[in-house]
Amino acid sequence: MNTERVPPSSYWMETAPAGAPAPPPDGDVDVDVAVVGGGIAGLSTAWELASRGREVAVLEAGRLAAGVTGHTTAKLTALHTLIYDHLRRTRGSEGARLYARSQSAAIRRAQGIVDELGIDCDWEDAAAHTYAENPRHVNKVRAEAEAAREAGLPAEFVTETDLPYAVAGAVRVSGQAQFHPRKYLLALADDLLRRGGSVYEGTRVVGLTEGRPCTLTTEAGVSVRAREVVVATHYPVFDRALLFSRLSPRRELVVAGVIDEARAPRGMYITPDQATRSVRTAPFGDGRRLLIVTGEHFTPGAADVEERFTRLSDWAEARFPDVKLTHRWAAQDNDSTDSVPLVGPLRPGSRHAYVATGFGGWGLSGGIMAGQLLSNLIAGHPVEWSGLYDPRRVASVVREGGSFLKHQAKVARHFVGDRVPSVSGPTPEDIAPGDGAVVRVGAGGCAVHRDEDGQLHAVSATCTHLGCVVAFNRAEKAWECPCHGSRFAPDGEVLQGPAVRPLKKRDL
Ligand code: FES
């Protein structure tokens, strides 16, 4: 199915709309802890600290829980595709055990918070599965079942699931959960305010000076002084340890539609086959459930996003023939080169600045885990798994050699190869309404978008983060940077970091 007529909106955003925005600070601020970023990692950290009596401020460039967290699949599971077999080879059985324990603790923590605060967030217990349809891949799944069991999860290898199509084999882990991420997080933010915390929306932070105290500077020139600072902006907007060399951005598409409750699977599923397919359902009322299918991951800036949406919706309709697609949206994840999130001190010498990033596609359990880990570090009580996630860990060839080099080669290609469009490349006249292209103007590149009324809008094609060249995503009407995933509106405004400054307006 061509999904161009399916409204491009996230079900989570639509069914948990935000109230009036919390205004930016109207003067300088002094707090114990400032958290930059109001997604699940930032809000979980802020809430954990506020519940320990710290005075906390959350600074969010846009709206709370509206970025990556508002566009996720919202599974809460410790089973992350094939992570345990990978971890036992790269971090040993102790590393795999700590990963399982930390992610399971995060799920239990979320369940405890839901119960304690009485949050109505469509919480459902569900089993998580990683499956293979292709019999040739079943050994990987069998190995994952064994590794996950060794790591302490209640994992088993099964060949029967409640999917309406056959699988060759699956790892099944019971006792996991799914929920509505925005209902959970907006309630958490309300409780943070009740505990004396502050939230500032529309507040982009552009500067950080580490010290005692640390000082953050906002785009509007306000200073926020804090004894401790946490950077939880998905891709870190401050990157003193060059983490960008160990993070790789990946966009992923989501289609969702209504199916009959009697035919809806209750488990959560993912397969690494076919550029990843993830399936879950959510309550929808009237004897129906919402089927949510994710997949088709790609590097930001890919030209064929509409075709990918079509492939994903065709896949969903072939396997769930009665589904009526109602929503489509896209998420963005950052994969770390060793597949383990980076949570801890911002750089080797940092004593009061912390970072949480690199959650791959598992930012919900990862974000809640980061909240627990960072609040304990700040309180001076490192947890058992602090070392596993420490961003200062030494890279090893075994852990990340291949993916590190692959990522660096890709960045270098976009940094050098894309810089000057060829003379035979597109001209503004070639750009169709709704589309965009980088065109050659003089000796350099200019990012040009033609709106649906035929008007041209031109901005610099050079990403304000580290200078790679952006590309246009026609399906989502955004300029995207393939190097580290910054995204910009057609007029150049920042939609997503690590860039914090807009693309400069250009005259054609
Ligand atoms: Fe880093 Fe664009 S996001 S150069």
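Every number for a ligand or one of its atoms is a count from 1 in the order of the listing. Starting from 1, each residue takes its place in the sequence as its number. Both backbone and side-chain heavy atoms feed into the values below; hydrogens, waters and symmetry mates do not.
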> Does the distance from C483 SG to C468 SG come in under 2.5 Å?
Replying inline: yes
> Looking at H465, which of its N, O or S atoms is the nearest one to atom 1 (Fe) of ligand 1?
Replying inline: ND1
> Is there a side-chain contact between Q103 and I368, using heavy atoms and a 4.5 Å cut-off?
Replying inline: no
> Which atoms of ligand 1 have any heavy atom of C481 under 4.0 Å away?
Replying inline: 2 (Fe), 3 (S), 4 (S)
>> Would G467 count as a contact residue for ligand 1, given that I'm defining contact as a non-hydrogen atom of the residue lying under 4.0 Å from a ligand atom?
In response: yes
> Is the closest basic N to carboxylate O distance between R204 and E60 below 4.0 Å?
Replying inline: no
>> I'd like to know whether the aromatic ring centres of H180 and W12 sit less than 6.0 Å apart in this structure.
In response: yes
> Are any of the side-chain nitrogens in E476 or R328 under 4.0 Å away from the carboxylate oxygens of its partner?
Replying inline: no
>> Using 2.8 Å as the threshold, say whether any N, O or S atom from H484 sits that close to atom 2 (Fe) of ligand 1.
In response: no
> For ligand 1, which atoms sit closer than 4.0 Å to a heavy atom of C468?
Replying inline: 4 (S)
> Counting from 1, what ligand 1 atoms have a heavy atom of S486 closer than 4.0 Å?
Replying inline: 3 (S)
>> V343 vs M369, test: side chain to side chain contact (heavy atoms under 4.5 Å, CB included). Steps then yes/no.
In response: CA-CA 9 Å; V343 183; M369 179 280 298; 4.2 Å; yes
> Which residue and non-hydrogen atom of the protein lie closest to atom 4 (S) of ligand 1, and at what distance in Å?
Replying inline: L466 N, 3.2 Å
